[in-house]
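The block underneath contains the structure these notes are about, expressed in structure tokens.
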Number of protein chains: 2
Amino acid sequence: MKKPAKSAVRLRIYLGGEVAIGPGRAELLQLIGDTGSIAEAARAMEMSYRRAWALVQSMNALFKSPLVERTAGGAGGGGARLTPAGRAVLEAYADAEREARTASTAPVRRILRRLR
Amino acid sequence: MKKPAKSAVRLRIYLGGEVAIGPGRAELLQLIGDTGSIAEAARAMEMSYRRAWALVQSMNALFKSPLVERTAGGAGGGGARLTPAGRAVLEAYADAEREARTASTAPVRRILRRLR
DNA sequence: GGGCGTTATGTTCGTTCGTGCATAACGAGG
DNA sequence: CCTCGTTATGCACGAACGAACATAACGCCC
């Protein structure tokens with residue numbers, strides 16, 4: 001197998017004109033689920049807490065039922081967890097990206113071959 | 001058939017950290033092919049000629065062989081055309097998006113159902 | 001009660017992105 | 001030769017974005 005150029009295909013799902021979910025939001029959800037904290041997830045992605053918080057806000061507003069549940073308080077007190085809806089959306093997005101990626105490998109390869 | 005919420009899935013192909021081709025660049029290529037002019041394509045997309053020109057520049061540099069061929073001069077004189085490579089890449093991208101879209105409909109639907 | 005780490009929110013600042021405007025060279029056609 | 005519409009390029013301005021900082025309230029744990 002030849003050394004592959006670092007390439008990737010990524011999926012974004014829009015509703016109206018705005019992004020419903022894409023790679024960034026998905027990774028954030030994943031990390032919130034893993035770490036149990038928006039702040040820690042933000043640090044892991046090297047993004048400001050402000051922005052991570054805004055993304056969560058936006059997603060919670062965008063979906064019928066919130067994807068992330070938050071409670072204030074530190075040191076084991078508060079934090080953030082994925083709701084069942086959050087887990088479902090995250091999993092569905094991962095599925096979608098996986099299916100899309102495998103289905104498009106042939107044409108994508110035709111493009112990659114032409115890249116420098 | 002129920003009135004569908006205006007939704008879309010879109011594909012972006014990255015090389016290294018940068019976008020090789022995505023919806024915007026693809027549409028630009030398409031319009032250049034149709035109109036025979038970067039300027040007119042830009043107007044059709046309601047984007048500045050400056051930006052369209054920069055995108056073409058970037059794509060031509062990114063691929064082994066240029067996607068768009070340009071010649072100066074107006075009034076039927078100059079203009080821009082897709083090279084064979086340009087047509088090939090555009091077609092491959094359309095294929096990729098189509099395949100990706102059909103393959104991911106099921107999980108995507110699971111997400112859309114949860115959207116407000 | 002004090003400390004720690006979290007959510008929540010405002011404000012400021014720098015950078016990035018894209019547009020708009022100006023200019024130049026070019027090329028066909030009347 | 002002159003006009004028109006294009007490619008090509010610089011520059012300045014504004015908008016949008018995201019980071020960084022500053023607080024505040026909250027909740028567990030020692």
Side-chain angles (χ1 to χ4, degrees), chain A residues 12 14 16-63 66-83 86, chain B residues 10 12 14 16-63 65-83 86:
Chain A
R12 282 208 167 91
Y14 293 77
E18 55 207 334
V19 178
I21 189 170
R25 291 163 125 103
E27 185 183 356
L28 182 60
L29 284 183
Q30 175 78 49
L31 285 170
I32 289 174
D34 290 349
T35 66
S37 144
I38 297 179
E40 194 173 341
R43 283 193 296 270
M45 291 186 66
E46 288 179 348
M47 100 172 33
S48 66
Y49 171 79
R50 200 72 179 75
R51 173 159 165 69
W53 176 86
L55 287 175
V56 168
Q57 187 82 351
S58 149
M59 283 189 283
N60 277 353
L62 200 57
F63 285 81
L67 306 188
V68 175
E69 186 186 30
R70 309 102 108 189
T71 61
R81 296 160 32 212
L82 293 190
T83 63
Chain B
R10 287 188 156 171
R12 282 208 166 88
Y14 293 78
E18 56 206 333
V19 177
I21 189 170
R25 291 162 125 103
E27 186 183 356
L28 182 59
L29 283 184
Q30 175 78 48
L31 285 170
I32 289 175
D34 289 350
T35 65
S37 144
I38 298 178
E40 195 175 341
R43 283 194 295 270
M45 291 184 66
E46 288 178 347
M47 101 173 30
S48 65
Y49 171 79
R50 198 77 180 73
R51 173 160 165 70
W53 175 86
L55 287 175
V56 168
Q57 188 82 350
S58 150
M59 282 188 284
N60 277 352
L62 199 57
F63 285 82
S65 100
L67 306 188
V68 175
E69 185 187 30
R70 310 103 108 188
T71 61
R81 296 159 32 211
L82 293 190
T83 63

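The figures that follow rest on heavy atoms only: side chains count, while hydrogens, waters and symmetry mates do not. In what follows, chains carry the letters A, B, and so on, assigned in the order in which the sequence lines appear, proteins first and then strands, with residues in each chain numbered from 1.
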Interface residues of residues 35-45 of chain B with DNA chain C (non-hydrogen, below 4.0 angstrom):
none
All pairs passing salt bridge (Lys or Arg N to Asp or Glu O under 4.0 Å) where residues 27-39 of chain B contributes a residue, at least two apart
none
State which residues pass side chain to side chain contact (heavy atoms under 4.5 Å, CB included) with A/Leu62; sequence neighbours excluded, sorted by chain then number.
A/Glu18, A/Ala20, B/Leu115
Where along residues 26-33 of chain A does a heavy atom fall under 4.0 Å from DNA chain C?
none
Could I get the full list of side chain to side chain contact (heavy atoms under 4.5 Å, CB included) partners for B/Thr83, not counting sequence neighbours?
B/Glu69, B/Ala85
Could you work out, with side-chain hydrogen bond (donor to acceptor under 3.5 Å, both in side chains) as the rule, every residue matching B/Arg12, not counting sequence neighbours?
none
Spell out protein contact along nucleotides 19-30 of chain C as letters: B when the base is contacted, S when just the sugar-phosphate is, - when no protein heavy atom is under 4.0 Å; keep the 5' to 3' order.
SB-----BBS--
Checking B/Ser58 now: which residues fulfil side-chain hydrogen bond (donor to acceptor under 3.5 Å, both in side chains) with it, not counting sequence neighbours?
B/Arg25
Check: residues 46-57 of chain A side-chain donor-acceptor pairs under 3.5 Å, at least two apart:
from    : atom 1 : to      : atom 2 : distance (Å)
A/Ser48 : OG     : A/Arg51 : N      : 3.2
A/Gln57 : OE1    : A/Arg70 : NH2    : 2.9

Without placing hydrogens or testing angles, list every side-chain donor-acceptor pair under 3.5 Å for residues 35-44 of chain A, not counting sequence neighbours.
from    : atom 1 : to      : atom 2 : distance (Å)
A/Thr35 : OG1    : A/Leu31 : O      : 2.8
A/Thr35 : OG1    : A/Ser37 : N      : 3.3
A/Thr35 : OG1    : A/Ser37 : O      : 3.1
A/Ser37 : OG     : A/Ala39 : N      : 3.1
A/Ser37 : OG     : A/Glu40 : N      : 2.8

Measure CH2/A/Trp53 against P/D/dC21 and give the value in whole Å, please.
20 Å
Using five pairs at either end of the helix from C/dG1-D/dC30 to C/dG30-D/dC1, determine the angle between the two local helix axes and round it to 10 degrees.
10°
Are side-chain heavy atoms of A/Met59 and A/Val68 found at a separation under 4.5 Å?
no
Using the test side chain to side chain contact (heavy atoms under 4.5 Å, CB included), find all partners of A/Thr71 that sit at least two apart in sequence or belong to another chain.
none
Whole-Å distance between D/dT7 C1' and B/Leu55 CG?
15 Å
In short, A/Asn60 meets A/Leu67 closest at the heavy-atom pair OD1-N, 2.7 Å
Nearest heavy-atom contact between B/Pro23 and B/Arg10 is CG-CD, 3.6 Å
